[in-house]
Amino acid sequence: MPELPEVEVVRAGLEPVVAGARVLGVEVIEPRSLKRHPRGVADFEERLAGRRIRAAVRRGKFLWLPLEDGPDEAVLAHLGMSGQLLLRTEDAGVDRQLRVRLVLESPAFGPITVAFVDQRIFGSLAIDPLVPTLDGAPGGRGDDDALVPAQVAHIARDPLDPAFDEREFVRRLRARRTGIKRALLDQTLISGIGNIYADEALWGARLHFDAPTDRLSRAAVLTLLAELRLVLERALADGGTSFDAQYVNVNGASGYFGQRLSVYGRAGKPCPRCGAPIVREPFMNRSSHRCPVCQRPPRRRAATA
DNA sequence: AGCGAGCCCTGCGCGC
DNA sequence: TGCGCGCAGGGCTCGC
């Protein structure tokens, strides 16, 4: 479900509450929600109890809470398709799909619970060791330390990260021999982008999802990058995209960017630019949405002789 | 290197 | 009203 803007909304909501908070208790209701923590439920609970949380950090769609009072490690969270992190005061009703609960004592907010709620259980929590970043820059947004969880080390920086290396991105993208949308969804090349924002940015840049990466000009890649940043920033300013109660911020509130989408989920409706009906097409076991006029299919590559 | 398929899951809305 | 089907914001692994 959540892509960069939605995860950032969650990070920003957690930050003031969890920074400096002490973990008083941990309850794992659904062990499958720890699939990123291979050492098991008991290890997760013991490792966390009594620790102090320093910050809330995000890179791409990954979120983590660095821990003090012990080894360099962090609570790692990936929300998958349907995960939520919700702040709950006291036990005001148990959330329906509550999987894991962290009970905290927050310096700013007093006793508070972070509830990991996840319908499909594609998301996961873990305690993961922190390792140095390769470029020496901060691991992600929300912390100055040049550390990332080991499971995030292979994830590229996202386009809103000040340390995102534009030249290197352009070079690596153009060295690929694949379709542009496939490349945008590859979190080891650029992170934070999922099905919604890939479709939106490609529409903004007038590119077809199958446009070959090795035939894009540098200028075209920079235009696409600008569109990506624009759509991610706008969505973030709107509190993210919600189609239903599945994506919400830490207080359970929906975002409003869904009302501003140009192509995603708008099959049959007019392209905001030219009025042609948006089409939905199967793509990688999912769907792609595009304007058939503004985003023409690429010319087929000439057969190599 | 890149790609398709399959896997991990639950629940909603739709058509019959 | 009930049932089956298709669909959903992701990521990882495997075999070709």
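Just so it is clear, the model here is predicted, and its values are computed rather than measured.
The phosphate of C/dG10 has neither OP1 nor OP2 within less than 4.0 Å of any side-chain N or O from A/Q187. The side chain of A/Q151 contributes no N or O atom lying less than 4.0 Å from OP1 or OP2 of C/dC12. Put simply, A/H78 has a side-chain N or O that comes within less than 4.0 Å of OP1 or OP2 on C/dG11. OP1 and OP2 of C/dG11 both lie 4.0 Å or more from every side-chain N or O belonging to A/R36.
Going from atom CD1 of A/I29 over to atom P of B/dC9 covers 18 Å, rounded to whole Å. Atom pair A/L185:CG and C/dG11:C1' shows a separation of 11 Å (rounding to whole Å applied). Between the NE2 atom of A/H289 and the C1' atom of C/dA8 there is a distance of 11 Å, given to the nearest Å. Taking atom CZ of residue A/R120 and atom C1' of nucleotide C/dC12, one finds them 15 Å apart after rounding to whole Å. Look at CD on A/Q97: it is 8 Å from P on B/dC12, rounded to the nearest Å. Across the protein-nucleic acid pair, A/M81 atom CE and C/dC7 atom C1' stand 9 Å apart, rounded to whole Å. Taking atom CD on A/Q119 and atom C1' on B/dG13, their separation rounds to 13 Å, with Å as the unit. Following rounding to the nearest Å, A/N195 (CG) and C/dG10 (C1') show an atom-to-atom distance of 10 Å.
Ion pair A/D118/A/R99 not flagged as a salt bridge, since none of the NZ, NE, NH1 or NH2 atoms sits closer than 4.0 Å to an Asp/Glu carboxylate oxygen.
Nucleotides C/dC7 and B/dA5 are separated by 15 Å at their P atoms, to the nearest Å.
Comparing A/R99 and A/R176 by the nucleotide of DNA chain B that holds the closest heavy atom to each, the one mapping nearer the 5' end is A/R176. Each of A/R96 and A/K35 was matched to the nucleotide of DNA chain B holding its nearest heavy atom; the match closer to the 5' end belongs to A/K35. Annotation: of the two residues near DNA chain C, A/R280 and A/H154, the 5′-most nearest-nucleotide partner is A/R280.
Among the heavy atoms of the strands, none lies under 4.0 Å from A/Y197. Here A/S242 lies out of heavy-atom contact (under 4.0 Å) with every strand.
Judged by Watson-Crick or G-U wobble contacts below 3.5 Å, the nucleotide C/dG11 has B/dC7 as its partner.
Judged by distance alone, with hydrogens and angles left aside, the side-chain atoms of A/E6 form no donor-acceptor pair with the main-chain N or O of A/G240 at under 3.5 Å.
Picking from C/dG10, B/dG11, B/dG4 the nucleotide with the shortest atom distance to the side chain of A/R182 gives B/dG4. Closest contact between the side chain of A/T178 and the listed nucleotides B/dG2, C/dG11, B/dT10 involves B/dG2. Comparing B/dG2, B/dT10, C/dG10 by their nearest atom to the side chain of A/R286 picks out C/dG10. Checking C/dG11, B/dG6, B/dC3 against the side-chain heavy atoms of A/N285 singles out B/dG6 as nearest. If you check C/dG10, C/dA8, B/dT10 against the side chain of A/S287, the one that comes closest is C/dA8. Distances were taken from every side-chain heavy atom of A/F62 (C-beta onward) to each of B/dG2, B/dT10, C/dG11; the shortest belongs to C/dG11. Taking the side chain of A/I121 as heavy atoms from C-beta on, and the options C/dG10, B/dT10, B/dG2, the nearest nucleotide is B/dT10.
Cation-pi geometry between A/R266 and A/W203 is not met: the NZ or CZ atom fails to fall both under 6.0 Å from the ring centre and inside 45° of the normal.
Heavy-atom contacts from other residues, nucleotides or ligands closer than 6.0 Å to CG of A/D69 number more than 12.
Annotation: A/Y264 is in aromatic contact with A/F243 [ring centroid separation under 6.0 Å].
Using a 5.5 Å limit on the distance between ring centres and a 30° limit on the angle between planes, the aromatic ring of A/F122 does not count as stacked on the six-membered base ring of B/dC9.
Looking only at atom types and distance, the side chain of A/S191 has no donor-acceptor partner in the side chain of A/K61 under 3.5 Å away.
Residue A/V17 is grouped with residue A/V7 when hydrophobic side chains (ILVMFWY) are merged at heavy-atom distances under 4.5 angstrom, including chains of intermediate members.
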